[in-house]
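Naming convention: chains lettered A, B, ... in sequence-line order (proteins, then strands); numbering from 1 in each chain.
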2 protein chains.
Amino acid sequence: MGVAANSVRIDVHAEAERLLRAIDQRYSDGRRRLVETLLAATHPLVATDIADDDLPQSSVYRNLTVLEQAGVVSKVLTNGERAAFELAERLKGHHHHLVCVGCGQVLDIDLPADIERRLTDDMTSTARSAGFVLVGHRLDLLGRCSTCVTSDRDD
Amino acid sequence: MGVAANSVRIDVHAEAERLLRAIDQRYSDGRRRLVETLLAATHPLVATDIADDDLPQSSVYRNLTVLEQAGVVSKVLTNGERAAFELAERLKGHHHHLVCVGCGQVLDIDLPADIERRLTDDMTSTARSAGFVLVGHRLDLLGRCSTCVTSDRDD
DNA sequence: ATCAGTGCAAACTTTTTGCACCGCA
DNA sequence: TGCGGTGCAAAAAGTTTGCACTGAT
């Protein structure tokens, strides 16, 4: 619980290659660079963030599509303006965000395992009752960090 | 539980007008129609959904921007392909989203009251342990709708 | 040698903007 | 009657696609 440990235990590249092989795709150099870039990022990236680095736009988009199909990256639900991508949960670990509505800072957090499990159970049945197969969830906690709470008092 | 009851107790139009006035904007007929459309919808709408109805694209986009600034509507987190909009929480009540990661469709859902309350309790303490004062939360369920699950099988 | 993957450029989709006009405070 | 809001059309921004080429198996 608390701040996410963000422990990367598995070999991301080996796993990426395995996932791609499973759908008859190669782990080409461009795709490896793309994964490398996402791995180094501390937040989800939009396509052009990656393109600036090293690959042409069309390759970025095409490879992101393939990597998403393979389950290596996932499209992150953003505010709808751009599509953003991050490494898939299986490669990155499940976590939540604690967002300060005052200053906008975002912290990665984990929930206690029992709460997380109960949450997942509850949501699985809720989703099923609407005809959906649950694949995950996103929970953002909105709050005020101690700094912003303190400055509230000064107003 | 299940699909949101959409209980609207306050006068949405009066509140919208008040919020717009607060930032020196008028509650024009076009904006009223736009709010009306969102009010009737059971799920967030993308700009073209609204445009089809009655307003030109440019007016829809411009008015959505103004209404968002006023706090009347909010941009919903989608799968990043299109921006979707709904009435702000203060006008619409608290609810969650069931998002299809395949096609991007979003459904409004309520959680059973006891689960919602437990969730809030759990998160309040989690936030506090990171030095935050919780002010709210966003919970999105990610899944595949029946249509997308079916088309998976055809691949 | 074959075919998956690449890079360029052009097409396409979604969103924003310039400008002339309309109508309410 | 001045200025906020509108509608059209054109531009900009973001994403996808066609095609010829390259390189790994």
Could you tell me how far apart B:Ile50 (CD1) and D:dG7 (P) are, to the nearest whole angstrom? 14 Å

Looking across every strand, which nucleic acid part, if any, lies under 4.0 Å from A:Asp24 by heavy atom: base, sugar-phosphate, or nothing? nothing

Calculate the interatomic distance between B:Tyr27 atom OH and D:dT6 atom P; express it in whole Å. 12 Å

Ignoring hydrogens and angles, tell me if any N or O in the side chain of A:Asp122 forms a donor-acceptor pair with the backbone of A:Leu119 under 3.5 Å. no

Spacing of B:Gln69 atom CD relative to D:dG4 atom C1', expressed in whole Å: 14 Å

Closest to the B:Arg62 side chain, choosing from C:dG7, D:dG7, C:dT15: D:dG7

Can you see whether B:Glu116 engages B:His95 through a side-chain donor-acceptor pair at a distance of less than 3.5 angstrom? no

So does A:Arg82 get a side-chain nitrogen or oxygen closer than 4.0 Å to the phosphate oxygens (OP1/OP2) of C:dT14? no

For B:Thr65 and A:Gln25, take the nucleotide of DNA chain C holding the closest heavy atom to each; which residue's nucleotide lies nearer the 5' end? A:Gln25

Checking B:His97 against B:His43 for the ring pair (Phe, Tyr, Trp, His ring centres under 6.0 Å) test, could you report, in this order, the C-alpha distance in whole Å, the side-chain angles of both residues, the deciding distance, and whether it holds? CA-CA 9 Å; B:His97 293 132; B:His43 61 91; over 10 Å; no

Could you tell me how far apart B:Glu17 (CD) and C:dC24 (C1') are, to the nearest whole angstrom? 13 Å

The residue, B:Arg31 or B:Ser58, whose nearest nucleotide of DNA chain D is more 5′ is B:Arg31

Measure from CG on B:Leu64 to C1' on D:dG5 and round the result to the nearest Å. 15 Å

In this structure, how many angstroms lie between the C1' atom of C:dT13 and the CG atom of B:Asp49, rounded? 15 Å

More than 12 heavy atoms of other groups within 6.0 Å of A:Arg32 CZ: yes

Separation of A:Asp29 atom CG from D:dT25 atom C1', in whole Å? 16 Å

Find out whether B:Phe85 and B:Leu34 are in side-chain contact, i.e. whether some heavy atom of one side chain is under 4.5 Å from a heavy atom of the other. no

B:Asn63 CG to D:dG4 P: how many Å, rounded? 15 Å

Between C:dG23, C:dG5, D:dG18, which nucleotide has the shortest distance from any of its atoms to the side chain of B:Arg26? C:dG23

Any side-chain N or O of A:Ser28 less than 4.0 Å from the OP1 or OP2 oxygen of C:dT6? yes

Ignoring the backbone of A:Tyr61, work out which of D:dT16, C:dT16, C:dT6 is nearest its side chain. D:dT16

